[in-house]
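Scope of the values below: all heavy atoms of this structure, side chains included, with no hydrogens, waters or symmetry mates.
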Amino acid sequence: MILRVGDDFSIVPSTFEQYPGVRGHRFGTWSTGGRWALGLSYEDGFLHLPFTVIGTYTEGRKAPPNHLTTALSIEGPHADFAYATYREGTRVIDLGRIRLFCTSLGPADGPALLLVHGWGGDGREWSLHAESLADRFRVIVPDLRGHGRSEVPAEGNTPLEMADDLAALVETLDCGPAVAVGHSMGGQVVNVLAVRHPELVRSVVALDPAHGAHGAEVDGIPGRLAEYQEHGSRAAADFVAGAFSAQAPPGLRTAHIRTMLGTPDHVIAQAYAGMYTAPEAVGVRPSSEAYLRCRTHLAVTVWTSAEAADWEKSTLRVNGSRVEHWPGVGHYLHEEQPQRTEQLIRKWADTV
């Protein structure tokens with residue numbers, strides 16, 4: 001069975017007899033008939049889903065972690081491997097520092113887009129965009145630590161740690177540099193990623209990002225944090241309920257309230273503190289300005305607030321970066337106007 005990068009194939013248990021070089025088991029490695037193969041299984045049996053080859057490596061070189069991939073032996077003089085991901089690309093990835101749930105759509109060799117959700121959300125909010133953009137981009141959608149189907153640590157659920165998680169994810173998937181797209185807290189996360197790990201980021205798209213707080217918003221931070229520490233996601237759900245415009249699609253508000261309520265209480269409080277009050281927080285305007293000055297990448301930022309858009313325009317240092325204002329749209333602008341958002345991302349990624 002000769003496999004090349006980009007090949008699609010399927011395996012089910014019955015095909016192991018047809019391809020004796022193919023074996024699978026969690027954290028297992030075998031040599032069969034002079035060929036080597038890494039494999040993966042779940043506790044309930046071997047994977048039998050469609051796969052796409054995403055790369056090859058030679059015996060003796062460092063292999064991808066065998067809990068991330070299923071690998072099939074291929075013919076060749078050096079007992080090369082082909083390693084593959086589900087064509088739908090759905091899995092929990094153990095990065096060593098954290099286990100993240102992540103999906104991947106699109107061509108494995110396409111330009112990488114990293115789509116990052118916000119506070120109390122998960123990657124499902126990018127579903128429409130991912131399907132559309134997957135025609136030519138490799139679209140990677142993680143659930144941040146403490147959110148969705150990813151691991152929930154007792155501590156460290158902050159944007160800084162989340163940015164370092166994404167750096168480990170991009171390195172593990174070997175998909176960098178990526179166009180990093182983030183909404184709300186995710187906008188803060190991708191900017192921190194760009195500053196801390198510039199080699200892994202091609203450019204930044206930030207949508208109503210959680211930075212630049214000032215005035216009355218800053219004055220209210222201590223009280224809101226106290227509410228989140230005491231009541232967790234129930235208090236945060238009140239924020240979500242008021243974050244939509246009249247043009248929001250039916251069901252969107254309810255979906256986000258439900259997702260927020262499903263986020264662990266301590267994650268809500270830690271993430272909020274990590275955005276605004278922790279020593280490394282960059283959400284308040286003076287700190288935001290300092291870290292944005294450190295960003296060396298092209299960036300496009302979209303605000304629903306005209307004042308915030310004007311402020312961020314004054315922070316731009318990299319020629320070609322820009323700020324847009326979308327009036328009359330709620331905080332979840334990427335879901336209230338998914339086609340407009342998809343077009344923005346596509347045009348930006350095609351030109352930078």
Side-chain angles (χ1 to χ4, degrees), residues 98 100-101 116-126 142-166 182-193 206-245 248 252-288 291 303-305 308 330-335:
I98 193 74
L100 293 187
F101 180 84
V116 184
H117 67 82
W119 183 57
D122 65 28
R124 285 175 292 185
E125 63 194 58
W126 292 108
D143 287 351
L144 296 171
R145 65 163 58 204
H147 293 72
R149 292 163 178 79
S150 289
E151 183 180 348
V152 182
E155 301 291 341
N157 295 287
T158 66
L160 187 146
E161 293 295 334
M162 293 169 186
D164 287 350
D165 293 343
L166 296 184
H183 167 253
S184 191
M185 181 182 74
Q188 186 178 131
V189 170
V190 297
N191 273 303
V192 174
L193 172 67
L207 306 174
D208 235 21
H211 64 224
H214 77 118
E217 183 180 1
V218 173
D219 295 340
I221 287 173
R224 285 190 292 273
L225 177 57
E227 289 184 11
Y228 300 145
Q229 289 172 334
E230 182 175 358
H231 301 294
S233 62
R234 289 169 294 170
D238 292 338
F239 161 78
V240 172
F244 299 89
S245 74
L252 185 60
R253 185 193 315 269
T254 298
H256 274 283
I257 291 173
R258 187 176 188 278
T259 305
M260 179 65 82
L261 289 172
T263 306
D265 291 341
H266 73 285
V267 173
I268 294 298
Q270 289 177 21
Y272 187 81
M275 286 187 278
Y276 297 110
T277 66
E280 72 277 8
V282 297
V284 176
R285 191 158 290 191
S287 298
S288 303
Y291 96 87
W303 284 101
T304 59
S305 161
H331 178 60
Y332 293 86
L333 65 167
H334 59 309
E335 292 179 278

A269 versus L225, closest heavy-atom pair with distance: O-CD1, 3.7 Å
4.5 Å side-chain heavy-atom contact, H183 and W126: yes
Smallest separation among heavy atoms of T263 and G146, with atom names: CG2-O, 3.9 Å
From OH (Y272) to CE (M275), nearest 0.5 Å: 7.5 Å
Set of salt bridge (Lys or Arg N to Asp or Glu O under 4.0 Å) partners for D164, sequence neighbours left out: R196
Parallel, tilted or perpendicular: ring planes of F244 versus H256, cut at 30 and 60 degrees: tilted
Side-chain donor or acceptor of Q270 paired with backbone N/O of G156 under 3.5 Å: yes
Sequence-distant partners of A236, side chain to side chain contact (heavy atoms under 4.5 Å, CB included), two or more places apart: W119, Y228, M260, I268
Nearest heavy atoms of A248 and L252, plus distance in Å: CB-CD2, 4.4 Å
Any H214 side-chain heavy atom under 4.5 Å of V284 side chain: no
Heavy-atom side-chain proximity of M185 to M162 below 4.5 angstrom: yes
Any pair counted as salt bridge (charged side-chain N to carboxylate O under 4.0 Å, His left out), so long as it reaches residues 276-287, sequence neighbours left out: R285-E307
D265-S233 side chain donor-acceptor pair, cut-off 3.5 Å: yes
Side chain S288, main chain G212, donor-acceptor under 3.5 Å: yes
Residues R234, L261; criterion side chain to side chain contact (heavy atoms under 4.5 Å, CB included); working and verdict: CA-CA 6 Å; R234 289 169 294 170; L261 289 172; 4.3 Å; yes
Heavy-atom pair with the smallest gap, counting every atom of A273 and A281: O-CB, 4.1 Å
Y291/H211 aromatic ring centres below 6.0 Å: yes
Side chain proximity check, L160 to V282, heavy atoms < 4.5 angstrom: no
Contact summary for R124 and T259, nearest pair of heavy atoms: NH2-OG1, 4.1 Å
N/O donor-acceptor pair under 3.5 Å between D143 side chain and G123 backbone: yes
Separation between CZ of R224 and CG of D219, rounded to the nearest 0.5 Å: 9.0 Å
Nearest-0.5 Å distance that lies between atom CZ in F239 and atom OG in S184: 5.5 Å
Test item: L207 and W303 side chains (from C-beta on) under 4.5 Å apart, heavy atoms: no
Chi angles and distances behind the side chain to side chain contact (heavy atoms under 4.5 Å, CB included) call for F101, D122: CA-CA 10 Å; F101 180 84; D122 65 28; over 6 Å; no
Between T304 and D208, a side-chain donor and acceptor under 3.5 Å: yes
Within-4.5 Å side-chain heavy-atom neighbours: H266 and N157: yes
4.5 Å side-chain heavy-atom contact, R145 and E161: yes
Residue pair P209 / Q188, side-chain heavy-atom distance below 4.5 Å: no
Euclidean distance, H331 NE2 relative to S305 OG, rounded to 0.5 Å: 12.0 Å
Non-hydrogen atoms of P142 and L166 that approach each other most closely: CG-CD2, 3.7 Å
